[in-house]
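Just so it is clear, the structure is predicted and the values come from calculations on it, not from any experiment.
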Amino acid sequence: MSGDAWTRWPSREALGRAGTTRPRRMLAWAVRTLVLGTLLWGAFDHQHIGIWGALAAAAGVVGAGFVAWAFFRTTYAHRLAPSLALTAVLLAIAVAAQATGFAVPALVIWCGCAVSALERLPLAAATPVAAVALASYSVFDTDAWLTTAVTVVGMALAGYVLRLDAEARGNAQRLLAQERAARAAEAESAALNERSRIAREIHDVLAHSLSAQLVHLEAARLLIERGAEREQILERVVAARGMARDGLAETRQALSALRGDLTPLEDFLAELVSTADGAAVTVTGERRALPAEASQAVRRVAQEALTNVRKHAQGAKVHLRLDYGVHEVTLDVRDSGGRTDELAGTGGGYGLLGMRERAELLGGSLDARPDDEGFVVTLKVPV
């Protein structure tokens, strides 16, 4: 046995009552009641005890009970000096009881001190305390030497077994506390991830919708400053209103996504290209339901890509291809090139950057590059 095991206290979880089952608590109270009954019986089982002797015996029983309670409190607090002092008081009470003829209470206190010391004190302190208590018991016990020896060995083993049992219960309590802390940390992490997901959804909806509205409203402002025709200005205002209406629809879709209520991805893309002139969509591979995050990434990239086509390649034909691979889903948005809107520089310019960050969070990638005709945006997300 290592030196640390000799000087180490039983854990507070082992010395406390937390995690103790109801049957175990009932058994503990039964043992305490039995010990108290034995002490009272031994104190008053005398022919000529007298009233003053009875009062003295009662005071001794109450005093021993109070000292025992204080011993349990100090050992729980891991206070060695007070615990040893209280044990010495209990042993002195036992000696006084034996000297005044109360042999049974004295023997019970000696045995109780030995068992409690082995259960609750560091072994370096418990061993000499138990040795003194059990030696006192052996000296004054009137049974046969073999019975006394068996009792002494049984008390020592009982105290050590109770110590091991308490330590096992304490370890179980610590593991339970660690598991609860881990679950709390997981719940907090899940909540933070969910908040981040909600923040991304709100950001994507607002960035896409408001930037598109800004394009048309800024165009309307410039047209007004240039004295353009009413029809031209009205066209931009109507387009901005359409963008606002689309933004509301996207907000509803985002809220549905947050609730886990998503329309099929193919239907969403078909509806998306129906609002854009010269746009088409093709779906290849075995169609299947995607995780919510992957589905939302595809939807947002498709929206952002079409918005960029409106701003940077007006009049271009756009082809969206959604491919369901074995381990990943790929969205390819390709335009044929066109004229740049006069307000193409409006907006924050963070659309594709945000989409790339979203894809990387999912373990995927986003590539945006010009090709021979126009511009290509390719999103790959593992599923």
Nearest heavy-atom neighbours spanning [X] and [Y]:
X: A359; Y: L379; answer: CB-CD1, 3.6 Å
X: A97; Y: A106; answer: CB-CB, 4.1 Å
X: L320; Y: V273; answer: CD1-CG1, 3.8 Å
X: V383; Y: A294; answer: CG1-CB, 4.1 Å
X: L86; Y: V67; answer: O-CG1, 3.4 Å
X: L80; Y: P122; answer: CD1-CD, 4.3 Å

Kindly write out the residues that satisfy salt bridge (charged side-chain N to carboxylate O under 4.0 Å, His left out) with [X], not counting sequence neighbours, or none if the list is empty.
X: R334; value: D332, D371
X: R241; value: none
X: E179; value: R183

For residues [X] and [Y], determine if any side-chain heavy atom of one lies less than 4.5 Å from a side-chain heavy atom of the other.
X: L118; Y: R163; result: no
X: E225; Y: L222; result: yes
X: V95; Y: S136; result: no
X: V115; Y: Y160; result: no
X: T151; Y: L134; result: no
X: L366; Y: T378; result: no
X: W9; Y: R120; result: no
X: K317; Y: D335; result: no

[atom2] on [Y] to [atom1] on [X], rounded to 0.5 Å:
X: E167; Y: L162; atom1: CD; atom2: CG; value: 12.5 Å
X: L121; Y: T87; atom1: CG; atom2: OG1; value: 5.5 Å
X: E229; Y: I233; atom1: CD; atom2: CD1; value: 8.5 Å
X: R236; Y: E218; atom1: CZ; atom2: CD; value: 10.5 Å
X: C113; Y: M155; atom1: SG; atom2: CE; value: 13.0 Å
X: E271; Y: D267; atom1: CD; atom2: CG; value: 8.5 Å

field: From CA spacing to verdict: side chain to side chain contact (heavy atoms under 4.5 Å, CB included), V153, L157
entry: CA-CA 6 Å; V153 173; L157 289 177; 4.0 Å; yes

Residue pair T74 / S83, side-chain donor-acceptor N/O under 3.5 Å: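 Judged by distance alone, the side chains do pair up.
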
Not counting sequence neighbours, which residues clear side-chain hydrogen bond (donor to acceptor under 3.5 Å, both in side chains) with [X]? List them please.
X: T148; value: D141
X: R369; value: D367
X: E360; value: none

By the rule that ILVMFWY residues connect when side-chain heavy atoms come within less than 4.5 angstrom, directly or transitively, which residues belong alongside [X]?
X: V238; answer: L234
X: L175; answer: none
X: F66; answer: W69

I'd like to know if the side chain of [X] and the backbone of [Y] have a donor-acceptor N/O pair within less than 3.5 Å.
X: R321; Y: V333; value: no
X: S336; Y: A316; value: no
X: H78; Y: P10; value: yes

- prompt: Can you list every ring-ring contact (aromatic ring centres under 6.0 Å, His included) pair that touches residues 359-383, not counting sequence neighbours?
  reply: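 Found none.
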
Any chain of hydrophobic side-chain contacts (each under 4.5 Å) joining [X] to [Y]?
X: V132; Y: V139; answer: yes
X: V150; Y: L107; answer: no
X: V376; Y: L322; answer: no

Worked check of side chain to side chain contact (heavy atoms under 4.5 Å, CB included) between L265 and Y324: CA-CA 11 Å; L265 183 56; Y324 287 96; 4.0 Å; yes

Show me the side-chain donor-acceptor pairs of residues 279-286 shorter than 3.5 Å, one per line, residues at least two apart or across chains.
| from | atom 1 | to | atom 2 | distance (Å) |
| --- | --- | --- | --- | --- |
| T282 | OG1 | H319 | NE2 | 2.8 |
| T284 | OG1 | D323 | OD1 | 2.7 |

message: Surrounding CZ of R288 (heavy atoms of other residues, nucleotides or ligands, distance under 6.0 Å), is the total greater than 12?
response: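 Yes.
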
- prompt: Does CZ in R221 sit with more than 12 non-hydrogen atoms of other residues, nucleotides or ligands closer than 6.0 Å?
  reply: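 Yes, enclosed.
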
Among V301, T330, L362, L290, the one residue meeting side-chain contact (heavy atoms from CB on, under 4.5 Å) with V381: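 Exactly one option meets the side-chain contact (heavy atoms from CB on, under 4.5 Å) with V381, and it is L362.
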
task: Among residues two or more places apart or on two chains, list those pairs meeting side-chain hydrogen bond (donor to acceptor under 3.5 Å, both in side chains) that have a residue in residues 106-119.
output: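 Sorted result for residues 106-119: empty, none.
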
message: Is the positively charged end of R299 above the ring of F268, judged by distance under 6.0 angstrom from the centroid and angle within 45° of the axis?
response: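 Verdict for F268: a cation-pi partner in R299.
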
- prompt: Is the closest basic N to carboxylate O distance between E304 and R300 below 4.0 Å?
  reply: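 Judged by the 4.0 Å cut-off on N to carboxylate O distance, E304 and R300 do not form a salt bridge.
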
